Number of protein chains: 2
Amino acid sequence: MPKLDESLLTGLPPFSLLDRPQIREILDLSVSQRYDAGTAIFREGHDAERFYLLLDGFIRVIKTTPEGEQIIALHIAPGQLFGIAPALRRDTYPATAMTASESLALSWPVRLWDGFSAKYEGFATECYRTVGERLGEMQTRIVELATQAVEQRVAAALLRLVNQSGRRVETGIEIAFPITRQNLSDMTGSTLHTVSRLLSAWERDGIVHSTRKHIVVTAPHRLVLLSGAQG
Amino acid sequence: MPKLDESLLTGLPPFSLLDRPQIREILDLSVSQRYDAGTAIFREGHDAERFYLLLDGFIRVIKTTPEGEQIIALHIAPGQLFGIAPALRRDTYPATAMTASESLALSWPVRLWDGFSAKYEGFATECYRTVGERLGEMQTRIVELATQAVEQRVAAALLRLVNQSGRRVETGIEIAFPITRQNLSDMTGSTLHTVSRLLSAWERDGIVHSTRKHIVVTAPHRLVLLSGAQG
DNA sequence: TGCCAACTTTGCTCTGAGACAAACTTCCGG
DNA sequence: CCGGAAGTTTGTCTCAGAGCAAAGTTGGCA
């Protein structure tokens, strides 16, 4: 295992108040691991043994129903913590973390959590801020699911992806990891058929350009209108 | 204001590890207030100035869409904290808290939060446990909304209410606060018409007995079947 | 006691989007 | 370069449940 560089963590919210020796300590306690695309880092219901920081790649947080349907609760982008069950005093993971693309993550055993919180200024505060934000996102999604039509929900989901993990290309903004119609329907409580029809329609209207596992939003502002966001 | 009694807080999760003098301190810093049924204790978007503990009554936590539709995110029962924005480092309330019945709550200014966490053993831990549970509930509701039919969602909502705040009566289990068809539809992303039809059907089948603002579940086990909970 | 507002019920219509079915395309591995 | 798996598109059918409309019921208040 090559020695990790302190600059990896510098500037990331949970560690932004720390100096280099402190970051060095934290890094030395971590394990780093690479994952292929489409592998589970941990699974719902399993003992929460470690918490994670995504360095590169993208993670989907997934819940599966007893009937086998799955819905995507959340996407994690590089620089974010995930699997932070210990922060909420859970002893099992509430959902499964699956890589959307090849990924690299650091992790620590949960028993270090309380030490980190006590010892490192700002660590707990920033983590709970993250939890608060995710809670807010989840509330927003509940409201969306309860009140909006499928087209609005898919538009909103696409916009969220683009904001969180889009990168500029000549023709618009591209989602930075592979994503299928099925994935999008798992995020919105719909079906791949309906999502496919929507994307086709939007393609005709010049709002998006999509190919297999790959979406570029060419007219974000028009998507905003479709999402029903209030003006 | 009459002097409050320490026994009010004894045994409640956030304070269960504290002794009487400590509880006395906390109580002396609190303000207690009575609210009529149907009044807002705080509103979405307003500055989070205080956090609350419900002593008696019931609270609905509500989000309103820009279009004016509202959905009920959560019910709070006596003994639970609410408005705990400071725990998640938010400076505004993410939702509105409305009394479902006449209620009594204690509250403290948010600036005391960090002090409580630092000084009182178990306070922060228990609060974050609560946050974790609510997060889990919200995830469950997202999955429900995304995958289940209306009948299942309403059945599940009713069961949740009955578990959280039901009281035994001769004929079954009664929801301990006033609740309308509209409320139930606001919890499930449906309409009062559809909920009314469902309750009528269930009444015919002997599963519930309901009158205006008042529901008794007479056959909880049959509701469980309807809710699609896995057996 | 009677009125009114709030709550509930029920009928009818209409449509969004899920289910089913089948063909097509793309990419990867051998 | 071929074959097959994975992903996508499109058509048709169907129905759960929302929307609209109107009437009934209840309980609190004057």
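Every value quoted in this text rests on a predicted model; they were computed, and no experiment measured them. In what follows, chains are A, B, ... by sequence order, proteins preceding strands, each numbered from 1. Hydrogens, waters and symmetry mates are skipped; everything else that's a heavy atom, side chains included, is used.
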Strictly under 6.0 Å, is that where the ring centroids of Phe82(A) and Phe51(A) end up?
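So the answer is no for these two rings.
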Would Phe42(B) and Tyr52(B) count as a close aromatic pair, with their ring centres under 6.0 Å?
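Yes, ring centres under 6.0 Å apart.
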List the steps, then state whether side-chain hydrogen bond (donor to acceptor under 3.5 Å, both in side chains) holds for Ser210(B) with Arg181(B).
CA-CA 10 Å; Ser210(B) 68; Arg181(B) 311 291 183 267; 3.1 Å; yes
Which atom names give the shortest non-hydrogen contact between Leu81(A) and Pro14(A), and what distance separates them?
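Answer, listing the atom of Leu81(A) first, then Pro14(A): CD1-CG, 3.9 Å.
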Chain B contact limits on DNA chain D, taken 5' to 3' with a cut-off of 4.0 angstrom to heavy atoms
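Extent of the interface on DNA chain D: dG17(D) to dG27(D).
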Does any part of the side chain of Thr188(B), heavy atoms only, come nearer than 4.5 Å to the side chain of Val150(B), both counted from C-beta?
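SC-SC contact between Val150(B) and Thr188(B) ruled out.
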Interatomic spacing from CG in Leu198(B) to CD in Glu203(B) - rounded to 0.5 Å:
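Those atoms lie 12.5 Å apart.
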Protein-nucleic acid N or O pairs under 3.5 Å, nucleotides 8-12 of chain C:
residue, atom, partner, partner atom, Å
dT8(C), OP1, Arg181(B), NH1, 3.3
dT8(C), OP1, Lys213(B), N, 3.1
dT8(C), OP2, Arg181(B), N, 3.1
dT9(C), OP1, Arg181(B), NH2, 3.4
dT9(C), OP2, Arg181(B), NE, 2.8
dT9(C), OP2, Arg181(B), NH2, 3.4
dT9(C), OP2, Ser196(B), OG, 2.8
dT10(C), OP2, Ser200(B), OG, 3.1
dT10(C), O4, His193(B), ND1, 3.2
dG11(C), N7, Arg197(B), NH1, 3.1
dG11(C), O6, Arg197(B), NH2, 2.9

Test side-chain hydrogen bond (donor to acceptor under 3.5 Å, both in side chains) applied to Thr194(A) and Thr191(A), step by step
CA-CA 5 Å; Thr194(A) 299; Thr191(A) 62; 3.1 Å; yes
Without decimals, in angstroms, what is the distance between Leu184(A) CG and dG18(C) P?
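Rounding to the nearest Å, CG of Leu184(A) and P of dG18(C) are 13 Å apart.
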Can you spot which of Val216(A), Leu158(A), Val208(A) makes a side-chain contact (heavy atoms from CB on, under 4.5 Å) with Ile175(A)?
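With Ile175(A) as partner, Val216(A), Leu158(A), Val208(A) yield a single side-chain contact (heavy atoms from CB on, under 4.5 Å), made by Leu158(A).
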